[in-house]
Participant: 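There's a structure below that I have some questions on.
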Amino acid sequence: MDPEELAVRARQGEAFHNQRMLPGAWGVLRVDGRGFSRFTEARYEKPFDPAFHQFMVRTATALLEELQGVYAYTQSDEISVLFRPDWSLFDRSVEKVVSLGAGLASATFTHAAGVPAVFDGRVWLGASERAVLDYFLWRQADGSRCALHGWCYWTLRKEGRSAAQATRELDGKPVSDKNELLFQRGINFNEVPLWQRRGSAMWWEPYVKEGVDPRDGRPTRAQRWRLEVDSELPMKEAYENLLRGLLTASGPAST
Ligand SMILES: Nc1nc2c(ncn2[C@@H]2O[C@H](COP(=O)(O)OP(=O)(O)O)[C@@H](O)[C@H]2O)c(=O)[nH]1
Ligand SMILES: [Mg+2]
């Protein structure tokens, strides 16, 4: 068979290669640690370990920089990276962003933590700024709910309950009861570190770099961009306002 013809026919098997993130839509890549309940159990402090969170922050930073996103958010073992509607890296190929994103997250986290760890990836599309705000409000609320559950679960485990007992005891308990369970043991959930309850985020901030023109020694000023990392995020409306500002701001990719 003609090699050209063979290649054309074989490439028909690359059935997903033409999938693109819809042009003009906001996009989010979300990566999530695979089997991290087990992976973290013997390695990190429970329910939360600042070192583990810093590895996640470092991984999120690498994704934001390498994939030219505008905003990244991490809570627990997941990271969401936001792309503008005009983002055009990899021609918006879904296969590329998902595989490279998950690969980059796995490599960066593994390098930081010194133990092999694997992330999966998925793409979310949003047709409006409202949809993007709702997406990030959703991930933060999910993180907050899981943080309360994690605190209760590990408090019971440390008191001697088995995994099954702790799970059964918490099953269906409303938020107020979970807060009360902790409060009775001297833990005020509203006082645990904010990064545990709300996650951490990073985005580009402009700054002015002062220098000297080597030709004539005159002072120069140039706008540059650096990453701002926030581990004391607001929530609900205040978080929404922070996000709204970032969606409309320019960034290194748009200048
Ligand atoms: N020990 C510890 N575990 C964490 C920390 N952050 C996240 N995790 C674990 O990561 C898991 C993430 O949840 P999920 O993705 O649903 O579980 P997976 O399917 O096993 O990866 C949580 O259940 C926690 O067990 C941390 O700071 N310390
Ligand atoms: Mg996971």
Side-chain angles (χ1 to χ4, degrees), residues 28-63 72-81 97-124 135-173 175 178 181-182 185 187-202 229-233 235:
V28 171
L29 165 72
R30 183 162 83 252
V31 297
D32 185 291
R34 177 162 191 257
F36 266 37
S37 303
R38 186 178 294 177
F39 171 78
T40 54
E41 182 152 359
R43 291 187 173 91
Y44 302 103
E45 266 177 56
K46 297 176 274 282
F48 286 100
D49 189 325
F52 174 84
H53 189 61
Q54 279 316 304
F55 298 151
M56 292 301 296
V57 166
R58 210 178 304 172
T59 304
T61 305
L63 289 174
Y73 172 73
T74 179
Q75 54 97 353
S76 185
D77 69 337
E78 68 167 57
I79 299 165
S80 295
V81 186
V97 69
V98 168
S99 61
L100 286 170
L104 188 59
S106 305
T108 308
F109 187 97
T110 296
H111 188 62
V115 241
V118 175
F119 286 77
D120 69 20
R122 72 187 67 188
V123 159
W124 173 93
Y135 174 90
F136 284 101
L137 288 169
W138 169 51
R139 293 326 302 153
Q140 193 187 49
D142 180 82
S144 180
R145 190 177 50 78
C146 292
L148 176 62
H149 181 87
W151 263 99
C152 291
Y153 177 83
W154 286 109
T155 300
L156 294 176
R157 289 293 305 276
K158 285 172 187 174
E159 282 177 2
R161 310 293 202 287
S162 68
Q165 280 171 332
T167 303
R168 204 175 325 120
E169 215 163 305
L170 294 173
D171 192 32
K173 251 197 200 331
V175 166
K178 288 182 179 167
L181 181 151
L182 294 175
R185 290 155 172 89
I187 301 163
N188 184 344
F189 184 67
N190 291 320
E191 287 172 3
V192 309
L194 278 179
W195 62 265
Q196 299 185 10
R197 288 181 282 142
R198 300 184 188 171
S200 292
M202 57 232 67
V229 179
D230 191 339
S231 292
E232 296 187 343
L233 289 169
M235 63 187 292

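In listed order, ligands and their atoms are each counted from 1. Sequence positions, counted from 1, serve as the residue numbers for this chain.
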Participant: Less than 3.5 Å between some nitrogen or oxygen of Gly33 and one of ligand 1, yes or no?
Facilitator: yes

Participant: Any side-chain heavy-atom pair from Asp230 and Glu232 closer than 4.5 angstrom?
Facilitator: yes

Participant: Is there a side-chain contact between Thr74 and His53 in this structure, where contact means two heavy atoms from C-beta onward sitting under 4.5 Å apart?
Facilitator: yes

Participant: Could you pull out the atom name of the N/O/S atom in Asp77 that is nearest the Mg ion (ligand 2)?
Facilitator: OD2

Participant: Can you tell me if Gly33 has an N, O or S atom under 2.8 Å away from the Mg ion (ligand 2)?
Facilitator: yes

Participant: Restricting to non-hydrogen atoms, name the atom on Arg43 and the atom on Phe39 that form the minimum distance, rounded to 0.1 Å.
Facilitator: NH1-O, 2.9 Å

Participant: Of the choices Glu41, Glu45, His53, Arg43, which has the non-hydrogen atom that lies closest to atom 2 (C) of ligand 1?
Facilitator: Glu45

Participant: Within the 4.5 Å heavy-atom criterion, are Leu104 and Val31 side-chain neighbours or not?
Facilitator: no

Participant: Look at Asp32 and state whether any of its N, O or S atoms is less than 2.8 Å from the Mg ion (ligand 2).
Facilitator: yes

Participant: From atom 15 (O) of ligand 1, is the closest protein heavy-atom distance below 4.0 Å?
Facilitator: yes

Participant: From atom 5 (C) of ligand 1, work out which of Ala51, Ser76, Pro47 has a heavy atom at the shortest distance.
Facilitator: Pro47

Participant: Do Leu156 and Arg185 have side chains that get closer than 4.5 Å, going by heavy atoms?
Facilitator: yes

Participant: Could you identify the single nearest non-hydrogen protein atom to atom 19 (O) of ligand 1 and state the distance to 0.1 Å?
Facilitator: Gly35 N, 4.2 Å

Participant: Can you name the atoms of ligand 1, numbered from 1 with element, that are less than 4.0 Å from a heavy atom of Tyr44?
Facilitator: 1 (N)

Participant: If you compare all heavy atoms of Phe52 against all heavy atoms of Ser76, which two are closest, and at what distance to 0.1 Å?
Facilitator: CE2-O, 3.6 Å

Participant: Need the ligand 1 atom indices (1-based, order shown) with element for anything under 4.0 Å from a heavy-atom of Lys46.
Facilitator: 1 (N)

Participant: Among all protein heavy atoms, pick out the one at the shortest distance from atom 6 (N) of ligand 1; state its residue, atom name and that distance to 0.1 Å.
Facilitator: Phe52 CE2, 3.3 Å

Participant: Could you name the option among Asp77, Asp32, Asp49, Val118 that has the heavy atom nearest to atom 12 (C) of ligand 1?
Facilitator: Asp77

Participant: Centroid-to-centroid, Trp154 to Phe48, below 6.0 Å?
Facilitator: no

Participant: May I ask you to check whether Thr40 has an N/O atom sitting below 3.5 Å from an N/O atom of ligand 1?
Facilitator: yes

Participant: Do you see an N/O/S atom of Asp120, backbone or side chain, under 2.8 Å from the Mg ion (ligand 2)?
Facilitator: no

Participant: May I ask you to test the Arg30-Tyr135 pair for a side-chain heavy-atom distance under 4.5 Å?
Facilitator: yes

Participant: Under a 4.0 Å threshold between the charged nitrogen and the carboxylate oxygen, would Arg145 count as salt-bridged to Asp142?
Facilitator: yes

Participant: Give the contacting part of Phe36 toward ligand 1: side chain, backbone, both or neither, where contact means a heavy-atom distance below 4.0 Å.
Facilitator: both

Participant: Nearest protein heavy-atom contact for atom 17 (O) of ligand 1: which residue, which atom, what distance?
Facilitator: Ser37 OG, 3.2 Å

Participant: Do Tyr73 and Leu233 touch side chain to side chain, with heavy atoms closer than 4.5 Å?
Facilitator: yes

Participant: May I ask you to list the atoms of ligand 1 that are less than 4.0 angstrom from any heavy atom of Phe48?
Facilitator: 26 (C), 27 (O), 28 (N)

Participant: What's the verdict on side chain to side chain contact (heavy atoms under 4.5 Å, CB included) for Val98 and Val123, showing C-alpha distance, side-chain angles and the deciding distance?
Facilitator: CA-CA 7 Å; Val98 168; Val123 159; 3.6 Å; yes

